Amino acid sequence: MDLHAVEKKWQQRWQEAQAFVPLRKGKKVFVTVPYPYTSGPLHIGHARTYTLADLWARYQRLQGKATLFPMAFHISGTPILSVADRIREGRKETLDLYRDYIGIYEPDQKKAEAVLRSFTEPKAVADFFSQVIARDFQSLGFSIDWTRSFTTGDPAYRKFIAWQFLRLRDAGVITRGSHAVQFCTRDQNAVGEDDIRDGDLLDTGIEAFTAVKFPFRDGFLVAATLRPETLFGATNLWIRPDATYVKARVDGEIWYLSAAGFATLGDQHHTVKEIERFPGKKLAGSEAQSPVEKRILPVLPADFVDPAFATGVVFSVPAHAPEDYVALRNLGFPVEPIPVITVPGYGPVPAKEVCDQLHISSAGDRDQLKEATRMLYKAEFYQGVLARAGPFSGTPVKEIKGQVAAWLKSRGKALDFFVPKTPDLVCRCGARVVVKVLPDQWFINYGDPAWKAKTRACLKQMAIIPEGSRASFEAAIEWLHERACARRRGLGTALPWDEQWTIESLSDSTIYPAFYLLAHLVRDQDAEKLVPAVFDFALLGKGTAAAAAKASGLPLKLLQSLRKEFSFWYPVDLRHTAVPHLTNHLTFYLFTHALLFPEQHWPKAISLNELLVRDGHKMSKSKGNVIPLADVSRQYSADLYRLYIASGADMSAVIDWTQEGIETVRKRLLAFIELAERAGSGKSPMDAWLRSRFHTMLQDLGQDIEGFRFRSYAQRAFFGMMNDVAHFFRRGGKAIPGDLLKDWFIVLSPLIPHVCEELWERQDGKGLVSLARWPRPDPKAVDPALEAGEDLVGRTVQDIREILKLVDRKPGKVHLYVAPDWKYVMHRRIADGADLKTLMADPAIRAQGKAAAVFFERAKKLPAAAGPAQELAALHGARTFLEREFGCPIEVVSALQATGARAAKAEPGKPGIEVV
RNA sequence: GCGGGGGUGUCCGAGCGGUCAAAGGGGCUAGCUUGAGGGGCUAGUGGCUUAGUGCCUUCGCGAGUUCGAAUCUCGUUCCCCGCACCA
């Protein structure tokens, strides 16, 4: 069978027949996968997700459910835009990269160059890649309904997103405020990890310090800290004597801080004006005041203060900071530590104890001091209770988190001061990256408690597969707070009430499965008519069709259809995707659904699969080990890929793509085709056995797929059944019964649909196997005794082999002794709980005397077995087979008709064996 | 640091209170197949023992719960992933 030709043939047939465009009839299943981003080609890792979803969708379809599995394309955001920018600028690495990408699909160099030139327009990039991705998906045989495709740049989609944001604002979750970001000084743009040089290796985070304003001279000495709760224990301030400090006007106040710290303030949304510069030693010896108490704090010199870090001013808490304690001691400055935290296992001045314990004598013991700080901070954080901390006294340290900072800020005594976790970051463009506080940003406030509660409720009613990921969702829901939802740059939808902002690309992709239900109907309409009233009616059922028609100018019938579509298909029954989407996209998905839709339209289930690696390594451009998706149909075959993906690893395990693995599966696939095509005719006693095996397997096979145990499904339905079929032929089976064969093809069609369609057609199956009905397990076909007999034969073969190995010679003849009836009786009664005494009441057993007592112990360990007559019959039936296997005569008798040690050893399910 | 998840035999990997010396592959070993093979088939692959058996040791490390633990609890250690304006 030519796999390529067969795959092409059936993909075309499916399309011609519109096989996967469902009708609104009967029970429905709506399954979605996040749409791909279209800045480049997809690789074989991406398709794992779509393959598993497709498998599931195909199974649902075989159950006779109206199954909708649509697909669209994501173009929002900055990457596509930057690609076009860089192509326009003629950057070599981008041109080379995209030339390669295009080359995957366009072998004609001239045409490829023309495509490349067109990429100066972002839309051309998006159009090209959405087309080729769609083609890739088709070549893998995904049962997608393509009639509903769209991109997130389509006018209708933008109307939908605008509506969504209006409703979010109505719900009161849109807020505005400032936001700290990494910022490129050249591009004047926020930059993410991807834009920063070595951003994947360095910590590109921003840390929010609390800058505390200590009244000082005519203004404030500003000290930054991560532990504002220790402020009540501050005894003095530290400055670096040899560094440069400034006096400056900041937001109308007078501040004193390091020159380096001052330089960052301008970016942090402060109005600044330098007044005077001077060396730090001019500050030493002066006095500041605690902002929370009347206490006077001397300003002292210290060389451990880094003037380039934060404000270059640190407040000193000798009772809890070993560094401060040691520095003060070394200075010989007479201050008493002021304890503010009580920690079990420590006295009043923990810092002193830790230092003594580690024998730290001078500030020179850097490592020791670090260790001491680490130990103490840990103990104080987890076990400490604030003892003397104004309104916070009595609160455990780990519970106060940002409370102290918030309290100080609200009183104007402190403010945020942002510090990059790694200093001196550089943008890919070469310019310096600074922390910038952007004012007037729009946020979605996922921190809203009522909203969180709703989202938790939404999660609670959902199935999460694997269930173990629920904890991650719960954590993500708790952790999520305000998220900036609009940017100044990028493709997408303008914020409807402030059009200079573009809605950020994860925020425009939360409830879009709903849009699949409208896309094909509104595509040809004037997008301007898609006013909010249309979506209010179609998606929320608000108002009437007539009112919406009037408000929009759209036909009444159209509005009715929209609502009908939505009502029929919503909610999403399954959203399947890869684990990395969990903490972002999927969590937003839950939040937004929980907020905008009534409970009946909340999502039903989410399933997650792990990623794919190649030969144990992540695929990446830099490693040059990426296999483009287009290679699957060219070099491997869609069904081979699907089989490998489904059977190679559990959904929640990383799957490793190896050439050897592929070859193994390829052999099995070809062997399957050969077996299935194996001509033959006639019946054999093995037919019933094979039928029984099939229906036994079938009994809970559907649950494997329902439960996303695709690996188990593939193992049983494909590999397991193949073994059975091989055994069937080995044991003298003539031909797989036709009806059984057809059922097998149906069962395997979600997994390897093309091959199954072809084989189905050759077996004169009616219509498409993809649209057939999943076979019902037939209890009448299941014959446990028959299977048990065959198991017995198998075990006996093993045992004979074992013995032959030990005796190490060619057998002249093998005798098989089936255990005497009384052993079967005892065995069964022991399984029912009978004890030896009761059993001995039976004369037939008592007659065996000691042998019965010995067997009693033994029988407890034996698995269930059929009766002696069945076992005798099974072995008799297998005689010619066994003789062929071992190349010698086999004799089967009941142990009753024999004597000797071997015959006496016979047990239920385990005949005695004598090799002569 | 915070949050989530893991450490299983030569390797990958299933198992998640008894049916576990532990599925399934890969590798390795042996036999068969011999219109050549690196292909196909069959068997073996912790130790000792044995005519198909039995025993011992083993599932990161240490302790515990239990008649019984790879599986549950606690501690410990190592590893992976996420931490936001990035799709």
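Each chain gets a letter, A, B and so on, in the order its sequence line appears, and its residues count up from 1. Bear in mind the structure is a predicted one, so any value in this text is a computation, not a measurement.
- V915(A) comes within 4.0 angstrom of a nucleotide base, judged by non-hydrogen atoms across all strands.
- Residue-level contact check: T78(A) touches the backbone only, with heavy atoms under 4.0 Å from sugar-phosphate atoms and none from bases.
- In the set G4(B), C86(B), A51(B), the nucleotide with an atom closest to the side chain of R902(A) is A51(B).
- Closest to the K910(A) side chain, of the nucleotides G52(B), A51(B), C86(B), is G52(B).
- Among the protein residues, H585(A) comes within range of no part of the nucleic acid, since none of its heavy atoms lies under 4.0 Å from any strand.
- At a threshold of 4.0 angstrom between heavy atoms, the contacts of G648(A) with the nucleic acid are absent.
- Listed nucleotides: G5(B), G52(B), C85(B). Nearest to the side chain of A484(A): C85(B).
- Under the Watson-Crick and G-U wobble criteria, each requiring two contacts below 3.5 Å, nucleotide G31(B) is paired to C41(B).
- Here the side chain of H179(A) is nearest to one of G52(B), C85(B), G25(B), namely C85(B).
- In this structure, K905(A) forms no cation-pi arrangement with Y817(A), as its terminal cationic atom is not both closer than 6.0 Å to the ring centre and no more than 45° off the ring axis.
- Heavy atoms of P36(A) sit nowhere under 4.0 angstrom from any nucleic acid atom.
- Counting non-hydrogen atoms under 4.0 angstrom, A653(A) reaches the backbone sugars and phosphates but no base.
- Annotation: F710(A) is in aromatic contact with F708(A) [ring centroid separation under 6.0 Å].
- Comparing C83(B), G52(B), C85(B) by their closest approach to the side chain of R483(A) singles out C85(B).
- A cation-pi contact links R488(A) to W501(A), judged by a cut-off of 6.0 Å to the six-membered ring centre and 45° from its axis.
- Both distances falling under 3.5 Å, in either a Watson-Crick or a G-U wobble arrangement, occur for no nucleotide opposite U65(B).
- Base contact: L480(A) has a heavy atom under 4.0 Å from a base atom.
- The distance from atom CG of L612(A) to atom P of G13(B) is 13 Å, rounded to the nearest whole Å.
- Checking G52(B), C85(B), G4(B) against every side-chain atom of E504(A), the shortest atom distance belongs to C85(B).
- Across the strands present, C83(B) finds its partner in G1(B); the criterion is a Watson-Crick or G-U wobble pair with both atom distances under 3.5 angstrom.
- Side chain of T38(A) to main chain of H74(A): a donor-acceptor pair is present (N/O by atom type, distance under 3.5 Å, no hydrogens or angles).
- Set against A51(B), G3(B), C85(B), the side chain of A475(A) has G3(B) as its closest nucleotide.
- Within the 4.0 angstrom heavy-atom criterion, no nucleotide atom of any strand lies near S712(A).
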